[in-house]
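In what follows, every chain begins at residue 1, and chains take the letters A, B, ... in the order their sequences are listed.
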Amino acid sequence: MHSFSNKEISEILSEYTDLMKIMGENKYRIRAYDNASRIVSDRSIDIEKLAKEDRLEEIKGIGQGIAKTIKDIFIDGYCQPLDELKKELPPGFEDLLNIPGLGPKTAQKFLDELDIKNIEELKKALKNQEIRKLKGMGTKTEKNLLEALLDYEDYVSYINLNKALSTSESLIKEIKEKSDQILEIETAGSIRRKKIKIGDIDILMAVKDKKEHSLLKVIRSLDLIEDILLKGDTKISARTTEGLQVDFRIVNSQEYPAALLYFTGSKYHNVKLRQIANKLGYKLNEYGLFDEDKRLNTASETEIYKLLDLKYIEPEIREDQGEIEAARQDKLPDLINLKDIKGDFHLHSNYSDGALTIEEMIKAALERGYHSLAITDHSQSLKIANGLSEDRVKKQWLEIEELREKYPDFLILKGIEVNIKKDGSLDYGNNLLKGFDVVIGSVHDNFNLSRQAMTNRIIKAIENEYIDIIGHPTGRMLGQRKPYNLDFSKIIEAAKKNNVLLEINASPARFDLNDKMARDTLDSNVKLIINTDAHHSEQYAYMRYGIYIARRAWAEKEDIVNTSSQKEIKKLFGVK
DNA sequence: GCCGTTTTCGGCCCGACTGTTTTCAGTCG
């Protein structure tokens, strides 16, 4: 038996799906494989274990055929049917499908009729105006494909949630200012679901008359809009000055709830809802829930769910990852809210690389309605961030003790973000560490250890009796640094055994843990703490992103330590 | 290829837009 991660199996199935599309396979077979690829990547099922125990068919969506395909991958070490398909196509050919507007049929046509084997050859053919000679192709197609190809070569694949939120909020604000026809307007799509990575922006609008509106003109005039990609009565696609696609959808008021549901997705959530609607004898589309041709009156998404015998499902968990079944049984989680948060426990002051004094950080925390915080500056070896020597730690403790007298009702914890060294030992000795109320262990160097070495390094830190929290557990920096190689299930296990918290670092540079890992953590009954890692009090506002991640992880108030009372916090961190 | 509170066979979510057609296939979400 060979070894493969869920992700690797998922990618093999996904590649197989792409190739089957090009070969013109049965579309339902393609769909089955596509679906299986998603299921395998999604949740924390242990695909390798199930394969070894011959229990793959227990997974819904995986039947005899795909179970055998997966099993054979573990036995052979590769996917034989995939390799056979690959032999029939030139290497690099499947990359053509990544170009927007170019699908399997067109790709196959290019190969058959012009012997185009890869993106380079396509570019040449487009520039030489060979494409327009093909039947069903014209100059317009040629021009569009060339543009799409050039875009693809230096494209924006995705942006982070914080950026997407601010862009969509600006767009909506400007549309409202420039048009008096908007009855309702809202961001839908993956932004409404608060996914961390956003591929495009979906904005839904309700107007009085879908045929008689001048929204195209308004959209064309928006500051952030560079050009229009597609224009219809109900759908307008545009591109921002930063190269991001925005889809505007236009409906009337009656249609709005169903449209909001539809355009929020996810696609897989929607498919499930439609299947349920069909079973109940209804039809669900973006214009409403229909009984025969009669639209049922639904004033909100909640009413649509209700007619489908489901409780309202929050957008953040609409991913077809068990939420529909939970909604049917009234077992949905009561998701945590921003207002439940009472403290922030990973903060930097001007003792290390923060911008403000401890007192300034306290004042801003009070303004946010918090009752607690922890000052956790960097430890001595992080010179670049002005890490604290033992003497400066002692000096900071004295200052905190004075501030405690000045703010008696507010809980100020003496904390530290201590470096976890390459061998898993910590940057301070236990004699100093035991004087802190909160010790966060973080990795700040030697990111390229082997999976085993990195896992052991962090586990060793978790086992130190003074460690309370593992900070930004995977070390990723969005768009800059990949997460380090880690057996995360072992980290969860160690955290559970040693009563250590794992952090959701809410800083937009990190978003670490991500939603899936956070959900896996909670599934193992390990609690999470959400911290902003603020270096300035303005960054307390990052807490909302941490909440989004937690909500996507199905977190309830009780799952997140920051919601505890001051008394509970004291008990948790052993403060008198 | 998967699935079943009518089914082990016969279905499988649904619609918008584009380009090139003249009624539709391809692509996308």
What are the atom names and distances for every N/O pair under 3.5 Å that joins the protein to nucleotides 26-29 of chain B?
residue, atom, partner, partner atom, Å
B:dG26, O3', A:T106, OG1, 3.3
B:dT27, OP1, A:G103, N, 2.8
B:dT27, OP1, A:G103, O, 3.0
B:dT27, OP1, A:T106, N, 3.0
B:dT27, OP1, A:T106, OG1, 2.5
B:dT27, OP2, A:K105, N, 3.2
B:dC28, OP1, A:G101, N, 2.6
B:dG29, N2, A:Y262, OH, 2.5

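- One interatomic measurement links the two molecules: CZ of A:F290 to C1' of B:dG15, which rounds to 12 Å at whole-angstrom precision.
- The side chain of A:Y287 contributes an N or O atom lying less than 4.0 Å from OP1 or OP2 of B:dA16.
- Under the 3.5 Å distance criterion, with hydrogens and angles disregarded, no donor-acceptor pair is assigned to the side chains of A:S37 and A:Y16.
- Minimum atom distance to the side chain of A:N285 is reached by B:dC14, of the listed B:dC17, B:dC13, B:dC14.
- With rounding to whole Å, A:D233 atom CG is found 17 Å from B:dG15 atom P.
- Aromatic ring centres of A:F511 and A:Y545: separated by under 6.0 Å.
- A:T234 has a side-chain polar atom (N or O) that falls below the 4.0 Å cut-off from OP1 or OP2 of B:dC17.
- Candidate nucleotides B:dC17, B:dC2, B:dG19 were compared by shortest atom distance to the side chain of A:N144, and B:dG19 ranks first.
- By the rule that a glycosidic angle within 90° of 0 means syn, B:dT7 counts as syn.
- Within the 4.5 Å cutoff, the side chain of A:I22 has heavy atoms near those of the A:L97 side chain.
- One atom, CD of A:E142, and another, C1' of B:dT18, lie 16 Å apart when rounded to the nearest Å.
- A donor atom on one side chain and an acceptor atom on the other are found under 3.5 Å apart for A:Q181 and A:S214.
- To the nearest whole angstrom, the two P atoms, one in B:dC17 and one in B:dT22, are 22 Å apart.
- Ion pair A:E319/A:R552 flagged as a salt bridge, since at least one NZ, NE, NH1 or NH2 atom sits closer than 4.0 Å to an Asp/Glu carboxylate oxygen.
- Taking atom CD1 on A:I39 and atom C1' on B:dC2, their separation rounds to 10 Å, with Å as the unit.
- Here A:E316 does not pair with A:R519 in a salt bridge; the nearest charged N to carboxylate O distance is not below 4.0 Å.
- The base-pairing partner of B:dC28, taking Watson-Crick or G-U wobble contacts with both distances under 3.5 Å, is B:dG15.
- As a whole-Å value, the separation of A:K21 NZ from B:dG1 C1' is 15 Å.
- A:K272 comes within 4.0 angstrom of no nucleic acid atom, judged by non-hydrogen atoms across all strands.
- Contacts with DNA chain B (heavy atom under 4.0 Å) in residues 60-74 of chain A: A:K60, A:G61, A:I62, A:G63, A:Q64, A:G65, A:I66, listed by number.
- Regarding contacts with the backbone of B:dG15, a side-chain N or O of A:K283 is found under 4.0 angstrom from either OP1 or OP2.
- Taking atom NZ on A:K135 and atom P on B:dT20, their separation rounds to 14 Å, with Å as the unit.
- Side-chain contact annotation: A:T264 with A:R192, donor-acceptor N/O pair under 3.5 Å present.
- Under 3.5 Å, the side chains of A:D34 and A:T17 contain no donor-acceptor pair of N or O atoms.
- Nearest nucleotide to the A:Q275 side chain, out of B:dC13, B:dT18, B:dT20: B:dC13.
- Across the protein-nucleic acid pair, A:L284 atom CG and B:dG15 atom P stand 10 Å apart, rounded to whole Å.
- Residue A:L145 contributes atom CG, which lies 15 Å from atom P of B:dT18 at whole-angstrom precision.
- The shortest distance between the side-chain N/O atoms of A:N278 and the OP1/OP2 oxygens of B:dC14 is below 4.0 Å.
- Under 4.0 Å is where a charged nitrogen must lie from a carboxylate oxygen, and between A:E174 and A:K178 at least one such pair does.
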